[in-house]
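We name chains A, B, ... by the order of the sequence lines, and we start the count at 1 in each one.
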Amino acid sequence: MITLQQLLDQLNDNQREAVSYNDGPSLVIAGAGSGKTRVLTYKIAYLLLSGYHPSSILALTFTNKAAREMKRRVADLVGHDKAKWLWMGTFHSIFSRMLRSEAERIGFTSQFTVYDSSDSRSVLKSIIKEMQLDDKVYKPGMIQSRISFAKNNLITASAYESHGDLLKSDAGGRIPLFSTIYTTYAKQCHQANAMDFDDMLLYTNILLRDFPDVLEEYRQRFQFILVDEYQDTNLAQHIIVKRLAEIHQHIAVVGDDAQSIYSFRGANIANILQFKSHFPDSKLFKLEQNYRSTQNIVAAANSLIKKNKGQIQKNVFSEKGKGIPIQLLTAMTDTEEGYIVAKEISDLYYQEHHPYNEFVILYRTNAQSRNFEEALRKRNIPYRIYGGLSFYQRKEIRDVLAYFRFIINPLDGEALKRCINYPTRGIGDTTMSKVIECANHNQVSLWSVIGDPVFFQLPVNRPTVTKLINFHAMIHALADEMTTLDAYEMAVKIVKTVGISADMTEDLSVENISRRENIQELVSGIHTFCEDKANDGETKISLADFLSEVSLLSDQDMDADDSADDKLTLMTIHAAKGLEFRNVFIVGMEEELFPSSYISSERELEEERRLFYVALTRAEERCFISYARSRFRNGQLNFTNPSRFLSDIDPGLIDLPADFRQPMSTSSFTPKWQKENSVGKQMLFEQSNETTNSIHDIPHAITSTWKKLTPTSAQISNSAEASIQSGGGITVGNKVFHEKFGQGIVISLEQMDGNWKATVDFGSNGLRALLLKYAKLVILE
DNA sequence: GTAAGAAAAATTTTT
DNA sequence: TTTTTCTTAC
């Protein structure tokens, strides 16, 4: 147990001020490596020592890992007995807890299922199919992200339906039925007693908006609110936090606007930049001393981030040694880049005795890892790759979890589809389509139809009826066991009963053995889960308890086996946020790759620059940056140019090779279609900083997102006009001939990655998007 | 209901 | 180039 004084003595002046300030809202801007987590944990400990009850403190994070780490560190300060009562967890897990206890108010049961993004994509796919829409136009992925953005901006399906601008924008983007899909999707999720990740934020908002007693209860309960990584919050999260803190104003948020790299997931940097306007009495604290990196690295990162506009001014400094300049490695090809980096690592390992686990290779895209893997293998350098399939994404794990879900919530149609499909039991697509149609027709759940196919006059033959009824009976019997068995017993029982065990023991292929091990790992994970809960004094741990936690878990949360063995790390820069390494290699520093060729606005360019900032600030001691002059991308050899970001770094802080030519492009963004012709001067993509308080008002921010997702009619005509000047002679309205698709009419023209793309209506052969570079279009008239 | 073959697409992804 | 998704044939 620590005293208040001891607590404060362990902090620097700025940290101490931030921790002990409790006269109103505060915003703590925590520069990279400045002890952000330390401030958060000490602040919580401080509050506990000054009399707050742990259960009156709410601390929100973005990852379970961060929550766990923070809880551990608070426990180290004040003891586990106190720390365990804290409301500390991810936004989603805390809100899930609230939603489950108030579920009935919004038409769900406390057993509601959480749909992950592949579940919701699958639901959307079947809706699109059912509405007989072309999934080339209504791309499930695109629809999904639009719905996600709508929810993150608190636009419900019904609000969407009555929002003229959005409807108009959809019509202009050739997806007039989007709103209908959204409504159907919301309805189906609701009927399935299921919420997707975004729903958890949206419904929490609705709960707090429509039920004053609930709002009041949680306002009373949470006497102090802390939020980590505030720069990554979206509107939905921001509004919830704001509502809860509205009365007592006991709120502290921590973050770094310079590390906001998740806007593509809906994060709104304005939440942190405009914090003062949402909490006018708030006090700003800045943590500017970096304890991680050498002065050189800090200065280089500072010089880079200075190129961004619209940020909170800070002066990050280091009192460590000057260190060595950043080293730039140039390769002729991507393969050579791998070789050079591996060589450099090898030298440091053998000559300076740096263990491999003090190295990280950071890249913009996962696809870049390959060259490095090969080069590392050649030198026998052990490595670990982050990213790719997570444990919970694996088919066998999803199968098992589907059974858990289905038994707990029989209305969960997605789980049903998966369960009925595996292990094979002679019920295929044909039967399922009939079941779905029958369920829709009778307005009942799939579960009901399967329970009594004869009653619902399902048009299938006798053996199929038996199969369906058997399946129904098996699930029903298992559901009955729920009352007596705990999570672990239940899991074992399910895996045995449904035939997964049998299926796994049958074939002994290598893949199958790995699958079996994965299932084994899941089951023993459940065992551990039960034990942990029992140690905290909980009794009767049900499978539902496990499921409600596991559906909010990601692979990042279970890497227990790291750091023990001496392996180098390969990961994307996004995945590296929050981590630190002695030696950092930032690779693929080329135009079109980093910054990504996908960016289309100054705002996105700035986010890419922040991403680079995050990469640089991971380094403690050495930082290497590499690029190649040529690279295979999508099977094609491309010649590349060094990234414009290289010239954003103060030249005195980076060791340039003798033959290095500064990237010619300036650091500012010019859309290609503006560069090549002078049509269209307005920045259609700029995001507004406005946010609003009301669920039904459409924040300005979202409309701009919309413009990104769907070309507005204005944009289309801009592109069309531009094409008149430089589109290779083809213009909108041309009748053209394609050797495969025949005759068609050019509907629109736009530029992508410097290539002209035409959308052509080939009549019975459908709408086709064609790159003029490849498609040999003959102009007919 | 599965397996092989063709076609199309190919950022980043805390929950 | 690889990976994923859709088709088609057994």
Side-chain angles (χ1 to χ4, degrees), chain A residues 60-67 89-96 114-118 120-121 125 129 135-136 139-141 144-145 148 151-152 195-201 228-229 231-234 236-237 259-267 334-335 362-371 386-390 392-393 421-432 548-557 571-579 588 592-600 604 607-608 610-612 614-615 631-638 740 753 768-769 771:
Chain A
L60 297 167
T61 64
F62 275 86
T63 63
N64 293 293
K65 198 177 165 192
T90 62
F91 283 90
H92 290 81
S93 70
I94 297 288
F95 297 161
S96 144
V114 177
Y115 274 174
D116 70 15
S117 57
S118 50
S120 49
R121 221 179 77 225
K125 264 190 188 164
K129 200 170 157 192
D135 63 2
K136 296 278 148 42
K139 295 195 189 89
Q144 187 179 24
S145 74
S148 173
K151 288 179 178 173
N152 287 164
M195 291 192 195
D196 64 25
F197 290 134
D198 305 310
D199 282 330
M200 306 191 74
L201 307 179
D228 191 15
E229 308 276 21
Q231 77 281 357
D232 291 335
T233 54
N234 59 35
Q237 291 161 327
Q259 295 185 63
S260 164
I261 55 173
Y262 279 106
S263 79
F264 68 94
R265 295 270 277 95
D334 46 355
T335 316
L362 298 176
Y363 34 77
R364 178 65 243 264
T365 66
N366 286 305
Q368 286 166 260
S369 69
R370 174 161 261 92
N371 291 317
Y386 284 75
L389 264 324
S390 89
Y392 298 101
Q393 303 283 338
N421 222 276
Y422 176 83
T424 318
R425 46 173 64 79
I427 304 168
D429 284 349
T430 327
T431 309
M432 274 316 284
S548 69
E549 277 199 28
V550 85
S551 47
L552 300 176
L553 233 51
S554 74
D555 53 328
Q556 303 239 328
D557 300 317
M571 55 168 71
T572 62
I573 302 168
H574 282 91
K577 201 178 87 171
L579 305 178
E592 310 275 277
L593 189 58
F594 196 13
S596 159
S597 58
Y598 287 77
I599 57 160
S600 55
E604 288 171 305
E607 178 149 318
E608 293 281 306
R610 289 194 293 269
L611 192 58
F612 187 27
V614 168
R631 175 178 301 274
F632 272 98
R633 259 184 108 186
N634 303 341
Q636 271 197 321
L637 182 67
N638 293 288
K740 194 166 150 208
D753 307 346
R768 303 278 162 170
L771 286 182

Closest to the side chain of A/Thr90, out of B/dT13, B/dT15, B/dT14, is B/dT15

Does A/Asn634 put a side-chain nitrogen or oxygen below 4.0 Å from OP1 or OP2 of C/dT2? no

task = Tell me whether the OP1 or OP2 atom of B/dT14 has a side-chain N or O from A/Thr61 closer than 4.0 Å.
result = no

Of A/Ile427 and A/Gly635, the one whose closest nucleotide on DNA chain B sits nearer the 5' end is A/Ile427

Taking A/Gly426's backbone N and O only, do any of them form a donor-acceptor pair with A/Thr424's side chain (distance below 3.5 Å, no angle check)? no

Fill in: Lys/Arg N to Asp/Glu carboxylate O, A/Arg265 vs A/Asp232, below 4.0 Å
no

From CD of A/Glu229 across to P of B/dT14 the rounded distance in Å is 13 Å

A/Arg265 has its side chain closest, among C/dC6, B/dT15, B/dT12, to B/dT15

Task: B/dT13 OP1/OP2 closer than 4.0 Å to side-chain N/O of A/Asn366 - done: yes

Need one value for A/Thr365: base, sugar-phosphate or nothing, where a base atom within 4.0 Å counts as base even if backbone is also close, heavy atoms only. sugar-phosphate

(Q) Given 3.5 Å as the limit, does a donor-acceptor pair link the side chain of A/Glu607 with the main chain of A/Ser263, or not? (A) yes

From the candidates B/dT12, B/dT15, B/dA10, the one with an atom nearest any side-chain atom of A/Tyr598 is B/dA10

Base, sugar-phosphate or nothing for A/Ile94? Non-hydrogen atoms, less than 4.0 Å.
nothing

Query raised in the report: Is any side-chain N or O of A/Arg370 under 3.5 Å from a base N or O of C/dT2, one able to act as donor and the other as acceptor?
Result: no

Taken to the nearest whole Å, CD/A/Gln259 to C1'/B/dT14 is 14 Å

- Just call it for A/Tyr262: base, sugar-phosphate, or nothing, with non-hydrogen atoms closer than 4.0 Å on any strand. base

When rounded to the nearest 0.5 Å, the distance separating CZ of A/Phe91 from CD of A/Glu229 is 10.0 Å

- Query: Does A/Arg364 get its side chain close enough to the base of B/dT11, under 3.5 Å, for a donor-acceptor pair?
  - Reply: no

Does A/Gln636 use its side chain to pair, donor to acceptor, with the backbone of A/Arg633 at less than 3.5 Å? no

Note to self: Over all strands shown, is A/Gly426 touching base, sugar-phosphate only, or nothing at heavy-atom distances under 4.0 angstrom?
What the structure shows: sugar-phosphate

**Asked** Does the side-chain ring of A/Phe264 lie flat on the base of B/dT12, meaning centres under 5.5 Å and planes less than 30 degrees apart?
**Response** yes

A/Lys125 atom NZ is separated from C/dT5 atom C1', nearest whole Å, by 7 Å

Nearest-Å distance once atom C1' is located in both C/dC6 and B/dT11: 24 Å

From CZ of A/Arg610 across to P of B/dT12 the rounded distance in Å is 18 Å

As its Watson-Crick or G-U partner within any shown strand, both distances under 3.5 Å, C/dC10 has B/dG1

A/Lys136 NZ to C/dC6 C1', in whole Å, measures 8 Å

Separation of C/dT2 atom P from A/Gln368 atom CD, nearest Å, is 16 Å

Whichever of A/Lys139 and A/Lys577 has the more 5' nearest nucleotide on DNA chain B, that residue is A/Lys139

Rounded to whole Å, CG of A/Asp429 lies from P of C/dT7 at a distance of 12 Å

To the nearest angstrom, the CG-C1' distance between A/Leu593 and B/dT11 comes to 9 Å

Notebook entry, point to check: Taking OP1 and OP2 of B/dT2, is either one under 4.0 Å from a side-chain nitrogen or oxygen of A/Thr424?
Noted result: yes

Ignoring hydrogens and angles, tell me if any N or O in the side chain of A/Gln259 forms a donor-acceptor pair with the backbone of A/Arg610 under 3.5 Å.
no

Checking A/Leu611, A/Thr572, A/Val614, A/Ile573 against A/Leu362 for side-chain contact (heavy atoms from CB on, under 4.5 Å), the one that qualifies is A/Ile573

### Query
For A/Asp198, which contact category applies under a 4.0 Å heavy-atom criterion: base, sugar-phosphate, or nothing?
nothing

Of B/dT13, B/dT14, B/dT15, the nucleotide closest to the side chain of A/Phe62 is B/dT14

As its Watson-Crick or G-U partner within any shown strand, both distances under 3.5 Å, B/dT14 has none

